[in-house]
Amino acid sequence: MADKHEEFMARAIALSEKTSLVDSAGGVFGCVIVQDGEIIAEGANRVVAENDPTWHAEVEAIRKACTTQKSFKLRNATLYTSAEPCPMCLAAAYWAGVKNIYYAAQVEDALTYGGFDDSMIYAEFKKDVGDRAIPAKQIMRAEAVEVWKKYAEKEDRVPY
């Protein structure tokens with residue numbers, strides 16, 4: 001199985017090389033998602049090319065995999081990524097129900113060689129909402145909760 005892990009990671013790294021060095025589409029990030037021993041989706045960072053700060057390799061691969069599987073949960077899926085997932089991508093993997101994550105480069109490598117610094121985001125998560133760098137103020141809670149109450153009573157809602 002170790003050979004398969006290396007094969008899948010090599011593909012993720014190749015995607016990272018193409019998107020960053022050949023296409024100049026984004027950062028050095030590539031990802032594949034594997035289920036039952038087969039790649040079911042691939043993704044590459046295209047933040048620069050698409051002017052989309054959410055176009056990360058892991059998010060693209062998760063979107064494609066969920067579309068292919070016709071499910072927002074990825075049964076027994078393993079995610080291989082060329083670099084340790086950022087906070088957004090890690091959260092997306094959890095929401096998608098990914099079973100395992102394998103990564104190559106560390107957060108420190110992305111900072112050292114690419115200037116990718118997520119430390120501020122990690123620090124923000126630890127703060128009280130009112131103390132974060134981006135001000136957040138709650139308004140119209142009662143109106144929003146009314147919709148939530150209706151949703152709670154919806155007989156045909158899909159459970160998460």
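On a predicted model such as this, the values are computed, not experimentally measured, just so you know.
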Enquirer: Determine whether more than 12 heavy atoms belonging to other residues, nucleotides or ligands lie under 6.0 Å from atom NZ of K73.
Expert: yes
Enquirer: Hydrophobic clusters here meaning ILVMFWY residues chained together by side-chain heavy-atom distances under 4.5 Å, can you tell me if I101 and V34 are in one?
Expert: no
Enquirer: Honestly curious: do Y102 and V98 fall in one hydrophobic cluster under the side-chain, below-4.5 Å linking rule?
Expert: no
Enquirer: Any non-hydrogen side-chain atom of T67 less than 4.5 Å from a side-chain atom of K70?
Expert: no
Enquirer: Taking only Lys NZ, Arg NE, NH1 and NH2, and the carboxylate oxygens of Asp or Glu, determine whether E153 and K150 approach each other closer than 4.0 Å.
Expert: no
Enquirer: Roughly how far, to the nearest 0.5 Å, is the CZ atom of F29 from the SG atom of C89?
Expert: 8.5 Å
Enquirer: Could you check whether R11 makes a cation-pi contact with Y80, meaning its NZ or CZ is under 6.0 Å from the centre of the six-membered ring and within 45° of the ring axis?
Expert: no
Enquirer: Measuring from F72:CZ to I62:CD1, what's the distance to the nearest 0.5 Å?
Expert: 14.0 Å
Enquirer: Distance-only, no hydrogens or angles: does the D52 side chain make a donor-acceptor pair with backbone N or O of T54 under 3.5 Å?
Expert: yes
Enquirer: If I take atom OG from residue S16 and atom CG from residue N45, how far apart are they, to the nearest 0.5 angstrom?
Expert: 10.0 Å
Enquirer: Quick check on the hydrophobic clustering: are L74 and Y94 connected, directly or via other members, by side-chain heavy-atom contacts under 4.5 Å?
Expert: yes
Enquirer: Answer yes when E60 and R63 have at least one side-chain N-carboxylate O distance shorter than 4.0 Å, and no when they do not.
Expert: no
Enquirer: Within this structure, what is the CD-OG1 distance for the pair Q35 and T78, rounded to the nearest 0.5 Å?
Expert: 9.0 Å
Enquirer: Are M9 and L79 linked, directly or through intermediate hydrophobic residues, by side-chain heavy-atom contacts shorter than 4.5 Å (ILVMFWY only)?
Expert: no
Enquirer: Do H56 and R46 come within less than 4.5 Å of each other through their side chains, counting heavy atoms only?
Expert: no
Enquirer: Please step through side-chain contact (heavy atoms from CB on, under 4.5 Å) for the pair C31 and E42, ending with a clear verdict.
Expert: CA-CA 6 Å; C31 178; E42 298 182 342; over 6 Å; no
Enquirer: Rounded to the nearest 0.5 Å, what separates atom CG in L90 from atom CD in E84?
Expert: 8.5 Å
Enquirer: Determine the minimum heavy-atom distance between A65 and I33, stating which atoms define it.
Expert: CB-CD1, 4.0 Å
Enquirer: In sequence, state the C-alpha distance, the side-chain angles, and the governing distance for Q69 and I40, and then conclude on side-chain contact (heavy atoms from CB on, under 4.5 Å).
Expert: CA-CA 8 Å; Q69 299 298 300; I40 61 168; 3.9 Å; yes
Enquirer: Could you go through I121 and E124, starting from their C-alpha distance and side-chain angles, then the distance that decides it, and tell me whether this counts as side-chain contact (heavy atoms from CB on, under 4.5 Å)?
Expert: CA-CA 5 Å; I121 298 171; E124 288 292 295; 5.5 Å; no
Enquirer: Should we count CZ of R141 as having more than 12 external heavy atoms under 6.0 Å?
Expert: no
Enquirer: V32 and L15: side-chain contact (heavy atoms from CB on, under 4.5 Å), yes or no, with the steps?
Expert: CA-CA 9 Å; V32 297; L15 288 164; 3.9 Å; yes
Enquirer: Taking the basic N atoms (NZ, or NE/NH1/NH2) and the acidic carboxylate oxygens, is any pair closer than 4.0 Å for K18 and D23?
Expert: yes
Enquirer: Measure from the side-chain N and O atoms of S82 to the backbone N and O of G30, and report whether any donor-acceptor pair falls under 3.5 Å.
Expert: yes
Enquirer: When clusters are formed by joining ILVMFWY residues with side-chain heavy atoms under 4.5 Å apart, either directly or through shared neighbours, do Y160 and W95 land in the same one?
Expert: no
Enquirer: Any carboxylate oxygen within less than 4.0 angstrom of a Lys/Arg side-chain nitrogen, looking at D36 and R75?
Expert: yes
Enquirer: Roughly how far, to the nearest 0.5 Å, is the CE atom of M88 from the CG atom of D118?
Expert: 9.5 Å
